[in-house]
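Beneath this line is the structure, given in structure tokens, with notes to follow.
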2 protein chains.
Amino acid sequence: MVTVNHNYLKLPGSYLFSTIGKKVKAYQAEHTDARIISLGIGDVTQPLVPAIIDSLHKAVEEMAHAETFRGYAPDLGYDFLRNAIAKNDYQDRGCQICADEIFVSDGAKSDSGNIQEIFGLDNKVAVCDPVYPVYVDTNVMAGRTGFYNTQRENFDGVIYMPCREENGFLPELPEEVPDLIYLCFPNNPTGGAITKEGLQQWVDYANKNGCVIIYDAAYEAYISEENVPHTIYECEGARTCAIELRSFSKNAGFTGVRLGFTVIPKELVRDGVALHDLWARRHGTKFNGAPYIVQRAGEAVYSTEGKAQLKEQVGYYMRNAKTIRESLANAGFSVSGGVNAPYIWLKTPGKMTSWEFFDYLLEKANVVGTPGSGFGAQGEGYFRLTAFGTYENTLEAISRIEKEVSL
Amino acid sequence: MVTVNHNYLKLPGSYLFSTIGKKVKAYQAEHTDARIISLGIGDVTQPLVPAIIDSLHKAVEEMAHAETFRGYAPDLGYDFLRNAIAKNDYQDRGCQICADEIFVSDGAKSDSGNIQEIFGLDNKVAVCDPVYPVYVDTNVMAGRTGFYNTQRENFDGVIYMPCREENGFLPELPEEVPDLIYLCFPNNPTGGAITKEGLQQWVDYANKNGCVIIYDAAYEAYISEENVPHTIYECEGARTCAIELRSFSKNAGFTGVRLGFTVIPKELVRDGVALHDLWARRHGTKFNGAPYIVQRAGEAVYSTEGKAQLKEQVGYYMRNAKTIRESLANAGFSVSGGVNAPYIWLKTPGKMTSWEFFDYLLEKANVVGTPGSGFGAQGEGYFRLTAFGTYENTLEAISRIEKEVSL
């Protein structure tokens, strides 16, 4: 008799952003005139920059001729891209990461979801709360958690590390020692950043206790302050305890292009096994490489023109972030984030829950944000806005919020 | 204490095609003059056809402008592609498959590997032997099998269905009833096809016993004979027992472009749960869609020009298949396949094992094939050649084999 994976049934409702999408679609269908502005899902709006477009066209043209056509890519990524990543993202920052420690993928969401597979089901997982839902949901689906606890509004068997105003939205070292620790800095959803010293404490803690840190650095390009690490490998000892996940979605606008990578240093050994080898085996068995043309687009991100153009693009979004943060602060909202990250995290006004504020904003201002409670129980009473809209839409959305929301 | 997924450690050695790649690389490094011809890994060599190239360039250009830029794709695929698939691959053949039963992915290898996730770990898996390694390996990695049995050279707890010359390379209905049955027709690696009546028996068996068939139809475009089904949904009752996996790699040369899809009919319910919903949840949580430009390329596969150009491309490879099959048969080899599939399956000459013949061919003829034993114990003594080379290389390879291999 066929059985299904009952762990899937532990998940309450659907994936957060699917739910939001459906709600917005339903509202729009009933209010065809409404000009809805989304500062919700973290999707970019600026087109790919010229250096990347040129690279894509060139690669497409190569695919048109037998002499330059490319079939299956190397399992772990083309050398031209792995070399560019190793040099630019790591070696130029003084971090000893080699090209063969980089695994090119179709994006950080896949990697965030799949990385747990190489670990045993008995590992205890720690996550920040609020948190990007993929870390928890994929561990639930694998059976690494208990059931959903409707009172606490989170899963049994997971160590949740609260990140609220009281602790500056930074997790504290957990008392119960976890096995796998998911950290994301600059943070989604709170927009908070961690200092190098702060992150060093986590690396030391992981090395001391034999934990593995899964470090999501998808928003690294948005760091504007000194002393905020761009990669966990800036910390001493990270090579023996940390896996890093990176994305091209937010630094280069690849949300619809799909490219990311995972770094696993060869010294990272647990349970007598090099995690690098396990992940290589997973890639070799379940994945056939990112598209050639997309890997060439990734290479262009590191070209001189690409870098200059993308710096401008990131600057564009950060102007949005600044606008949102400062305008809402001036209007009396309690806001954080938006300095080293494209997310602004605000407290909902009055006694509104996150979803109440979502519905309120959608109805009154036709503005879509993301309910903080969608990221975890400790996100209740908070709300996320993204800086990824156009500048015009961002101004318009803020002006509507200022007008419609009385504090 | 962090534990790794010990199921990974049950896998002997590395993924088949990675091993072959390493062996060939090593040989080439030692024999820099050798002009090696690969008829090994099933990778295509013909460039993308003009209709697809045009579509890619056009989509790239859309990504260059804010008005036409596309970010995150819909989780399950763009409607333009899902509609084209539903119409062309199913409805035009009289099969009732709707667009919302189609899940667009980055390729059939990912889908073949990931589909097992939605099932419980207690399901018993049946596979053909020989078989595409991904089906078994991914079930091993999930923990759905026992250990590797070095005597039988396969995994405990898996039902292997021998496909050898004696039964015309077609599996027989297993006596022990499995839960999940992987079938691939036209077959990789044997190149064999199943008739509609033959497949209907499997559908009836699955419905009667409550099994789920995971039907890999990646080579459908190579069917040349009447009465060979292009999809399992040509069989009555398949909607309540079958999942179909499809690829753009072999019908359109997308091995380096990456696109595929899975079909799960809404009536397919097991254990009280619609499998469609579980797979949708997996997609929503762990995958962020195939690239927009790639989905547009997929759409072009179904355009009038695309269809005509691809018919010619498939014909090109099938001429190779015919050449290999007929030449080797004339030379005295025992061959099968190559009529409805781009694979030719031959018996190794003399008493050579599959790997002995691999090494022998590589050394004597500088021709790379795939050892039958790499696909399972029952593949021992067989060898796979693919029709995906260029015509010139195929002729040259065959001529070398004829010259160097004495029967």
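Computed from a predicted model, the values in this text were never measured in an experiment. Numbered from 1 within each chain, the chains take letters A, B, ... in sequence-line order.
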Pick from [options] with the largest number of heavy-atom pairs that fall under 4.5 Å of chain A:
options: B:G210, B:S110, B:A66, B:A64; value: B:A64
options: B:Q46, B:H57, B:R70; value: B:H57
options: B:E67, B:K124, B:E61; value: B:E61
options: B:G143, B:S112, B:G120; value: B:G120

Output all residues satisfying ring pair (Phe, Tyr, Trp, His ring centres under 6.0 Å) with A:Y78, sequence neighbours left out; order by chain, then residue number.
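So A:Y78 forms a ring pair (Phe, Tyr, Trp, His ring centres under 6.0 Å) with A:F80, A:Y292.
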Residue list, ring pair (Phe, Tyr, Trp, His ring centres under 6.0 Å) with B:Y317, at least two apart or on another chain
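If we apply the ring pair (Phe, Tyr, Trp, His ring centres under 6.0 Å) test to B:Y317, skipping adjacent residues, the hits are B:F388.
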Below 4.5 Å from any heavy atom of chain A, which atoms of [X] appear? Answer side chain, backbone, both or neither.
X: B:D75; answer: side chain
X: B:T45; answer: backbone
X: B:N288; answer: both
X: B:Q295; answer: neither
X: B:R270; answer: both
X: B:H6; answer: side chain
X: B:L259; answer: neither
X: B:F69; answer: side chain

So B:M63 and A:V257, side chain to side chain contact (heavy atoms under 4.5 Å, CB included) or not? Walk me through it.
CA-CA 9 Å; B:M63 297 296 275; A:V257 176; 3.8 Å; yes
Heavy-atom distances under 4.5 Å only: say whether A:D43 touches chain B with side chain, backbone, both or neither.
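Contact with chain B involves both backbone and side-chain atoms of A:D43.
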Side chain, backbone, both or neither: which part of A:E62 has a non-hydrogen atom closer than 4.5 Å to chain B?
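Nothing of A:E62, per the 4.5 Å heavy-atom cut-off to chain B.
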Counting only heavy atoms from other residues, nucleotides and ligands, does the tally under 6.0 Å from NZ of A:K10 exceed 12?
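More than 12 heavy atoms, drawn from other residues, nucleotides or ligands, come within 6.0 Å of this atom.
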On a heavy-atom basis, which atom in [X] and which in [Y] lie closest, and how many Å separate them?
X: B:G42; Y: A:Y72; result: O-CE1, 3.7 Å
X: A:P291; Y: B:V294; result: CG-CG2, 4.5 Å
X: A:I293; Y: B:I293; result: CD1-CD1, 4.0 Å
X: B:Y8; Y: A:L278; result: CE2-O, 3.4 Å
X: B:D179; Y: A:M1; result: OD1-N, 2.8 Å

Looking at A:G71, A:A108, A:G113, A:A290, which has the largest count of heavy-atom pairs under 4.5 Å with chain B?
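Winner by heavy-atom pair count: A:G71.
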Quick check for you: among A:L56, A:T68, A:V134, A:I118, which has the greatest number of heavy-atom pairs under 4.5 Å with chain B?
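The residue among A:L56, A:T68, A:V134, A:I118 with the greatest pair count is A:I118.
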Nearest-0.5 Å distance that lies between atom CG in B:L16 and atom OG1 in A:T285:
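If we round to the nearest 0.5 Å, B:L16:CG and A:T285:OG1 are 10.5 Å apart.
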How long is the gap from CZ on B:R282 to CG on A:D137, to the nearest 0.5 Å?
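Going from CZ on B:R282 over to CG on A:D137, the span is 13.0 Å.
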Do A:D122 and B:T3 meet the criterion of a side-chain donor-acceptor pair at a distance under 3.5 Å?
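Yes, side-chain donor-acceptor contact under 3.5 Å.
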Indicate yes or no: at least one non-hydrogen side-chain atom of A:V2 is less than 4.5 angstrom from one of B:D271.
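The answer is no; the side chains never approach within 4.5 Å.
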Going by the salt bridge (Lys or Arg N to Asp or Glu O under 4.0 Å) test, which pairs reach into residues 284-294 of chain B, not counting sequence neighbours?
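Checked against salt bridge (Lys or Arg N to Asp or Glu O under 4.0 Å) - neighbours excluded - the pairs reaching residues 284-294 of chain B are B:E117-B:K286.
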Output the residues of residues 47-54 of chain B for which the shortest heavy-atom distance to chain A is under 4.5 Å, in residue-number order; output 'none' if no such residue exists.
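Within residues 47-54 of chain B, the residues under 4.5 Å from chain A are B:P47, B:L48, B:I53.
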